[in-house]
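See below for the structure under consideration.
Not measured: the values here are computed from a predicted model.
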Amino acid sequence: MILLRIVCCIGMLVASILLPWFIVLPLAVVYVLWSRAYELVVLAAFIDAYFGSAVLIPYYTLTAAALFLVAEWVKPSLSFYTRNT
C-alpha cells in the first residue's frame with residue numbers, strides 16, 4: 001500500500017508539471033478520495049515554490065489544501081465509504 005502511494009505521488013508530480021491543470025485536477029480529486037493524501041499538499045507547495053507562484057498567492061497549495069479538507073469532510077457521507085453489512 002505504501003509503495004502504491006509513493007508511485008501515485010510521483011505520478012501526480014510528473015502529471016502536475018507536464019499536463020495542464022484541467023487534467024491534473026480530476027486526477028487529484030480521485031487521489032484524495034482514494035486515500036488520505038497529505039503528501040498532495042506538500043507536493044503542491046513544492047510546485048508553487050518551483051514555478052514561483054508563492055510570491056503572490058500559492059494557488060496550488062491553497063487548492064490542494066481545500067481539496068483535501070473538503071474530501072475529508074465529505075468521505076463519511078459517500079456511499080462507497082460507508083459499509084452496511
Side-chain angles (χ1 to χ4, degrees):
M1 184 70 174
I2 293 294
L3 183 62
L4 185 60
R5 284 185 71 172
I6 292 170
V7 168
C8 288
C9 184
I10 292 171
M12 284 298 297
L13 174 65
V14 170
S16 63
I17 291 174
L18 298 178
L19 298 175
W21 66 268
F22 54 84
I23 296 175
V24 175
L25 187 62
L27 292 174
V29 169
V30 170
Y31 184 58
V32 166
L33 289 175
W34 173 65
S35 70
R36 194 172 264 177
Y38 299 115
E39 61 271 7
L40 194 64
V41 178
V42 175
L43 180 68
F46 286 150
I47 292 170
D48 277 333
Y50 179 74
F51 287 119
S53 63
V55 174
L56 297 174
I57 298 173
Y59 296 111
Y60 281 106
T61 306
L62 292 175
T63 304
L67 184 65
F68 175 74
L69 292 173
V70 167
E72 290 300 316
W73 180 56
V74 169
K75 272 184 187 180
S77 62
L78 293 175
S79 63
F80 53 86
Y81 282 107
T82 57
R83 298 179 188 217
N84 297 330
T85 57

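- Separating the OH atom in Tyr60 from the CH2 atom in Trp21 is a distance of 10.0 Å, to the nearest 0.5 Å.
- Note: the hydrophobic cluster containing Ile47 also contains Val29 (ILVMFWY, side chain heavy atoms under 4.5 Å, direct or indirect links).
- To the nearest 0.5 Å, the span separating CG on Leu13 from CZ on Phe46 amounts to 9.5 Å.
- Residue Tyr59 is not grouped with residue Leu69 when hydrophobic side chains (ILVMFWY) are merged at heavy-atom distances under 4.5 angstrom, including chains of intermediate members.
- Atom-to-atom distance recorded for Asp48:CG and Leu43:CG is 10.0 Å, nearest 0.5 angstrom.
- Hydrophobic clustering (side-chain heavy atoms under 4.5 Å, transitive across Ile, Leu, Val, Met, Phe, Trp, Tyr) groups Trp73 together with Leu67.
- Checked against ring pair (Phe, Tyr, Trp, His ring centres under 6.0 Å), Tyr38 has the following partners two or more places apart in sequence or in another chain: Phe68.
- Atom CG of Leu4 is separated from atom CH2 of Trp34 by 4.0 Å, given to the nearest 0.5 angstrom.
- Taking both residues in full, the closest heavy atoms of Ala37 and Tyr31 are given as CB-CE2, 3.6 Å, listed atom of the first, atom of the second, then distance.
- Between Thr61 and Ala45, the closest heavy-atom pair is OG1-CA, 3.2 Å.
- Residues Leu18 and Tyr50 share a hydrophobic cluster, clusters being chains of Ile/Leu/Val/Met/Phe/Trp/Tyr side chains in contact below 4.5 Å.
- Between Ala64 and Leu40, the closest heavy-atom pair is CB-O, 3.9 Å.
- Closest approach of Ser35 and Lys75 over heavy atoms only: O-NZ, 3.4 Å.
- Tracing side-chain contacts under 4.5 Å through hydrophobic residues (I, L, V, M, F, W, Y), one never reaches Ile23 starting from Val30; they form parts of separate clusters.
- Of the inter-residue distances, the one linking Leu27 atom CG with Phe22 atom CZ reads 12.0 Å to the nearest 0.5 angstrom.
- Put simply, CZ on Arg5 and CE on Met12 are 13.0 Å apart, with the number rounded to the nearest 0.5 Å.
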